[in-house]
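Since the structure is predicted, the reported quantities are computational estimates derived from the model, not experimental observations. Atoms considered below: every heavy atom in the structure, side chains included; atoms not considered: hydrogens, waters and symmetry mates. Chain identifiers are assigned alphabetically (A, B, ...) following the order of the sequence lines, protein sequences preceding nucleic acid strands; residue numbering begins at 1 within each chain.
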Protein chains: 2
Amino acid sequence: MTTSHVEEKKSRVEVAYLSLRYAIIEQALEPGTKLPEDAIGSVFEMSRTLAREVLTKLQYDGLVEVKRKRSATVARPSLTEAQEVFGVRKCLERAVVRQICERWSKVMEEELEKHIRAEDDAIKADNNALSIRLAGEFHIRLAELSGNSLLKKYVDEVVSRCSLILALYARPHSSQCAVTEHRELIKAFSAKDVPRALELMNEHLGAVEQRAMIPGTATKKLDLCDVIQKYAGQIDHA
Amino acid sequence: MTTSHVEEKKSRVEVAYLSLRYAIIEQALEPGTKLPEDAIGSVFEMSRTLAREVLTKLQYDGLVEVKRKRSATVARPSLTEAQEVFGVRKCLERAVVRQICERWSKVMEEELEKHIRAEDDAIKADNNALSIRLAGEFHIRLAELSGNSLLKKYVDEVVSRCSLILALYARPHSSQCAVTEHRELIKAFSAKDVPRALELMNEHLGAVEQRAMIPGTATKKLDLCDVIQKYAGQIDHA
DNA sequence: TCGATAAATATTGTACACATTAAAATCAAA
DNA sequence: TTTGATTTTAATGTGTACAATATTTATCGA
């Protein structure tokens, strides 16, 4: 979920929020990792007050879990929760598809094409983390183009959650198929073929969901501060 | 959005949150009303730290608007936003209907019947504020019974928003029709008639939406503290 | 009297302190 | 060595302080 739209300089909380978000989604931070307020605060040079704010935002995105009097932890969604997320996601994205078919325009097509090219590049550069993120962001773009800002907000949230779920449960996969499917979708939009677009989206999300249902491999253990700082660096330049 | 489920004594923030939520939804607090952290804090006897927390929660529900360096205010959703909310709501509730038809059981039927009786009672007692709230809560119950907790969370949010929208834009209406429609829905569930249930839900939400599109009447001006304290009293006993 | 400017006040942003509680470490006894 | 109790440490819950910024009020000139 984004904080505010027009803002010359990203606020510290936003930098921290995005850094952690990326770190979690790309699974640089293993689920279950503790995120003490002090630690967050010192990494991003802010007080606990602000660190809490960041953690709260991540909690709303379903990326961290907060229990009373315990450190926040990187969320570890259960398989049941995963299924729930996919259920909601399908229903939201169907609505997105319908909206987009109604308002489809050349400008939208160009924008999405551009995004897909970026996805392609990431794959060719063998940048797996990036290509996973871009695949998710394609759907967020779609939601944006639906013109319904609440819908966009919700899609944003479920996509975050899905990213984490995929990171957790997915078997290694080729992002290439996602790109192909994305292109097919655009074709259907161009043809204003709603049933076809809905069908494609269903299949596409189904494929994503299928990938998610096999336990993933073990994860590496890294130093919290190092990991976070790496991502903070990326945000600064953005 | 609820804070936590098992909790003997409601925390202060929860009391404050619910109080304000009700006060806003029942339009005891006019949209645009400023909600300074100090004021919230002194009414509920908490520090600004906690008052902020409460306001943040309300913000996520779309019930208050927060702008940097300005007091939070009771939200005043535009007509466009209202339409967006209804759009998302329809799509979410359709998903709820499908889920419920799949898992329908006698227990669920009884629970919903009980709720509808409460709606009826409120209408007969001419308690308009209560009957409006219960009409909304019927949908939250449905979402709960869908068994998908994320879906429930989102329905919860859109119903809050809708309540505020109705309070803002709705012409006076008979809640009775809502009750009738609710009963019809239950019949369709019992028959496991998905298309019929979907149709009913569509019509029902369409009716609600229609009611919303006419500017409401002027609202009274009351003292912030008095209003809030009245609602705080209600929560305490709950 | 009206409008503009300046002083005063109200309110938020953020850090920090202190009490409380959970987690970890230490130690004692079986 | 293992287990359970106890101390120590780490982390959160919440109030408060002080600076920065809006908003309101007061003041002054035309």
**Q** Output a table of nitrogen or oxygen pairs between the protein and nucleotides 16-19 of chain D separated by less than 3.5 Å.
**A**
from, atom 1, to, atom 2, distance (Å)
dT16(D), O4, Thr49(B), OG1, 3.4

**Q** Side chains of Glu81(B) and Ser78(B): any donor to acceptor distance under 3.5 Å?
**A** yes
**Q** Find the distance Gln59(A):CD to dT12(D):P and express it as a whole number of Å.
**A**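 The distance from CD of Gln59(A) to P of dT12(D) comes to 13 Å, rounded to the nearest Å.
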**Q** Quick check on dG13(C): is either OP1 or OP2 less than 4.0 Å from any side-chain nitrogen or oxygen of Arg52(B)?
**A** yes
**Q** Taking side-chain contact (heavy atoms from CB on, under 4.5 Å) as the definition, give me every residue that meets it alongside Ser47(A), ordered by chain and number, with sequence neighbours left out.
**A** Thr49(A), Leu50(A)
**Q** To the nearest Å, how far apart are Lys34(B) NZ and dT11(C) C1'?
**A** 8 Å
**Q** So does Arg70(B) get a side-chain nitrogen or oxygen closer than 4.0 Å to the phosphate oxygens (OP1/OP2) of dA10(C)?
**A** no
**Q** To the nearest Å, give me how far apart CG (Asp38(A)) and C1' (dT12(D)) are.
**A**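 That distance rounds to 9 Å.
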**Q** Could you list the residues that satisfy side-chain contact (heavy atoms from CB on, under 4.5 Å) with Ala129(B), not counting sequence neighbours?
**A**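 For Ala129(B), the residues satisfying side-chain contact (heavy atoms from CB on, under 4.5 Å) (neighbours in sequence not counted) are Glu26(B), Asn127(B).
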**Q** Protein-nucleotides 6-8 of chain D N/O pairs closer than 3.5 Å?
**A**
none

**Q** Given atom CD of Glu37(A) and atom P of dT14(C), what is their separation to the nearest angstrom?
**A**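 Whole-Å distance recorded here is 16 Å.
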**Q** Give the nucleotide from the list dT24(D), dA23(C), dA15(C) with an atom nearest to the side chain of Leu50(A).
**A** dA15(C)
**Q** At how many degrees, to 10°, do the end axes of the helix from dT1(C)-dA30(D) to dA30(C)-dT1(D) meet when each uses five pairs?
**A**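 The helix from dT1(C)-dA30(D) to dA30(C)-dT1(D) shows an end-to-end axis angle of 0°.
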**Q** Rounded to whole Å, how long is the line connecting atom NZ of Lys67(A) with atom P of dT12(D)?
**A**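 Interatomic distance, NZ of Lys67(A) to P of dT12(D): 14 Å.
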**Q** For the residue pair Thr33(B) and Glu30(B), confirm or rule out a side-chain donor-acceptor distance under 3.5 Å.
**A**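 There is no such pair between these side chains.
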**Q** Ser160(B) pairs by side chain to side chain contact (heavy atoms under 4.5 Å, CB included) with which of Leu63(B), Ile24(B), Ile140(B)?
**A** Leu63(B)
**Q** Take atom CG of Leu35(B) and atom P of dA10(C), then tell me their distance rounded to the nearest Å.
**A**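 The answer, rounded to whole Å, is 18 Å.
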**Q** Taking the inter-plane angle between the rings of Phe138(A) and His182(A) on a 0 to 90° scale, is it parallel (under 30°), tilted (30 to 60°) or perpendicular (over 60°)?
**A**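 Answer is parallel, since the angle falls under 30°.
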**Q** Tell me if a side-chain donor or acceptor on Arg12(B) pairs with a main-chain N or O of Phe44(B) at a distance below 3.5 Å.
**A** no
**Q** Choose from dG13(D), dA11(D), dA15(C) the nucleotide whose nearest atom is closest to any side-chain atom of Arg68(A).
**A** dG13(D)
**Q** Residues in side chain to side chain donor-acceptor pair (under 3.5 Å) with Glu144(B), at least two apart?
**A**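 Applying side chain to side chain donor-acceptor pair (under 3.5 Å) to Glu144(B) gives none.
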**Q** Answer yes or no: is there a donor N or O on one side and an acceptor on the other, between the side chain of Arg89(B) and the main chain of Val159(B), under 3.5 Å?
**A**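 Answer holds: no.
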**Q** Could you tell me whether the side chain of Lys90(B) reaches within less than 4.5 Å of the side chain of Glu209(B), counting heavy atoms only?
**A** yes
